[in-house]
There are 2 protein chains.
Amino acid sequence: MSAAKPTHDVIAGAPAEAAQSKRGRLIRQEDEIFERIQQAILDHRLPPGTKLKEVPLAELFGVTRGLLRKVLTRLAHARLVEQRPNRGAMVASPSVSESRDLFAARRAIEGAIVGILGTRINATQIKGLRRMIEREQNAYAKGEMRAGLKLSIDFHRVLAQMAGNSVLSGFLEELLTRTPLVILAYRDTRATTTRCDCNDHGAIIDALETGDAEEAARIMQEHLEALEGQLNLREDGSTTDLAAVFGS
Amino acid sequence: MSAAKPTHDVIAGAPAEAAQSKRGRLIRQEDEIFERIQQAILDHRLPPGTKLKEVPLAELFGVTRGLLRKVLTRLAHARLVEQRPNRGAMVASPSVSESRDLFAARRAIEGAIVGILGTRINATQIKGLRRMIEREQNAYAKGEMRAGLKLSIDFHRVLAQMAGNSVLSGFLEELLTRTPLVILAYRDTRATTTRCDCNDHGAIIDALETGDAEEAARIMQEHLEALEGQLNLREDGSTTDLAAVFGS
DNA sequence: GCAAAAAATATTGTCAACAATTTTATCCAG
DNA sequence: CTGGATAAAATTGTTGACAATATTTTTTGC
């Protein structure tokens, strides 16, 4: 069974609670399923291309097919899932150009976020961010990759929230969730790890502390370029040269 | 009837074609309804707060309630519509802080777009943009406000497409559609018109033509600040001081 | 045995009836 | 009249049965 239905094992965690009141809690249930699938993607547990069948997933979460269907539609709108008519939903597989665009968009948005923060961040916030980086480094040092990854993403997310622009942080939230799909699809097989450089995070805070927003934005953009550089985004799948793949 | 069901008259245009093939065209039908409502918002025909009842709208478009419901959900995800449980959908009413964030996000994203364009725009594209500006000016000169407005939005949209970043242009698409809602909600009652300054558009192209991406981005940001400045975004509805409103 | 056709199965898409909730209208006491 | 309870209507939310399509398996002709 474990081998036959891998998707079931992958999207693990506590079972979705049955609705208590007859209505009203149900939208929370919908949100919970959405977030659990989203979290599975963030945790690199759901690779691109994974088929998401309605009946098995609905049974797994203990909801009707109609509700699950709604969740899939929402995930599709967030571009975490691709829905093709009559052929169901699968975890999105970003193309090379999409992936490049995604990183360029992150540079633009996170650059702006850091620029905003340069003028409004306070000592308490800086202290909190430093604590986060410390925990992140500890996690990686202890080999707890999943925890480190989560903290690393949280660093970017918290920066956005501190900037106080709900529109930009909403956009970034989407991009942060899509990033793992890009990494899984295009990670360089030779590289041991594909993740944020903690030192960059520290350097960004250093720049923010001195009030140098320009410098902080510059480091953030270089930081994202470094992450993108760890990937193999050279050629698109559609243009793969089969002759080259099989020698001669 | 016209007075009793204003929403029906507002979302006008050709009736939705009945599906020809049994399936497949149906998703196009869904898209068509989505776009018609979106267009109505872009044209300032659907003001914030307008109630969108499912049965009347479904009949208007000649589709089932279930299909229309799906469209409303999609519109809600694009933040053009607000859905509250058991209370239906209405055209979104952006708050003051949301509106400010929206403009700040536009400055960040369109600044980045123009920055990208500075390095890759060609003579043909510049020629096309100049033609657009000319038509825009003509429309406003002739008093054809709706046509001018459309061309003005198209200018920003086309710039984004020329930059060739699908993620950024997708985000901007959402922001462009939400902008009319902000304008309708917060336009200064004393102002005669609330719209883009065509001259700014021309100045942006001038800067792009000389290859000065920095300057073009600066003008774009000032351009958006000027548009935001035409609005009355001083206080939030939730903090409206009733005592001040009624004198003493 | 193999490829194409056909049947069987599995999966997604749609709809109409029903349930739950909110909104509006009615009624009645004070 | 007014305010509040009650009933009626309108509106949204859900579900399960069925239709349409895609996928897999079996059959058939060579």
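The sequence lines fix the lettering, A, B, ..., with proteins before strands; numbering per chain opens at 1.
Distance A/Met90 CE to D/dA22 P: 14 Å, rounded to the nearest Å. Remark: P of D/dT21 and CZ of A/Arg84 are 17 Å apart, rounded to the nearest angstrom. Separating the CD atom of B/Glu54 from the P atom of D/dT14 is a distance of 11 Å, rounded to the nearest angstrom. Following rounding to the nearest Å, B/Leu68 (CG) and D/dT11 (P) show an atom-to-atom distance of 14 Å. Between B/Arg69 atom CZ and C/dG13 atom P there is a gap of 18 Å when expressed in whole angstrom units. For the pair B/Glu59 CD and D/dA10 P, the computed distance is 13 Å after rounding to whole Å. A straight line from NZ of B/Lys53 to P of C/dT22 spans 16 Å, rounded to a whole angstrom. Separating the CG atom of A/Leu57 from the P atom of C/dT11 is a distance of 12 Å, rounded to the nearest angstrom.
For B/Lys70, a side-chain nitrogen or oxygen approaches OP1 or OP2 of C/dT14 to under 4.0 Å. Taking side-chain N and O atoms only, B/Thr64 has a distance below 4.0 Å to OP1 or OP2 of C/dC15. Phosphate proximity of D/dA22 to A/Lys51: absent, as no side-chain N or O sits under 4.0 Å from OP1 or OP2.
Between B/Arg74 and B/Asp31, at least one side-chain N (NZ, or NE/NH1/NH2) sits under 4.0 Å from a carboxylate O, which counts as a salt bridge. A salt bridge does not link B/Arg79 to B/Glu98: none of the charged nitrogens lies less than 4.0 Å from a carboxylate oxygen.
Annotation: cation-pi pair B/Arg36/B/Phe61 absent, no NZ/CZ under 6.0 Å from the ring centroid and within 45° of its normal.
Listed nucleotides: D/dT14, C/dG13, D/dT11. Nearest to the side chain of B/Arg65: D/dT14. Side-chain proximity of A/Asn86 to the nucleotides D/dT14, C/dT21, C/dG13 is greatest for C/dG13.
With B/Thr179 as reference, B/Arg106 is the one residue of B/His156, B/Glu174, B/Arg106, B/Glu228 to meet the side chain to side chain donor-acceptor pair (under 3.5 Å) rule.
Across all strands shown, B/Gly66 has no heavy atoms under 4.0 Å from either base or sugar-phosphate atoms.
With hydrogens and angles ignored, no donor-acceptor pair closer than 3.5 Å exists between the side chain of A/Arg87 and the base of C/dG13.
From A/Ile116, atom CD1 reaches atom CE of A/Met162 across 14.0 Å, with rounding to the nearest 0.5 Å.
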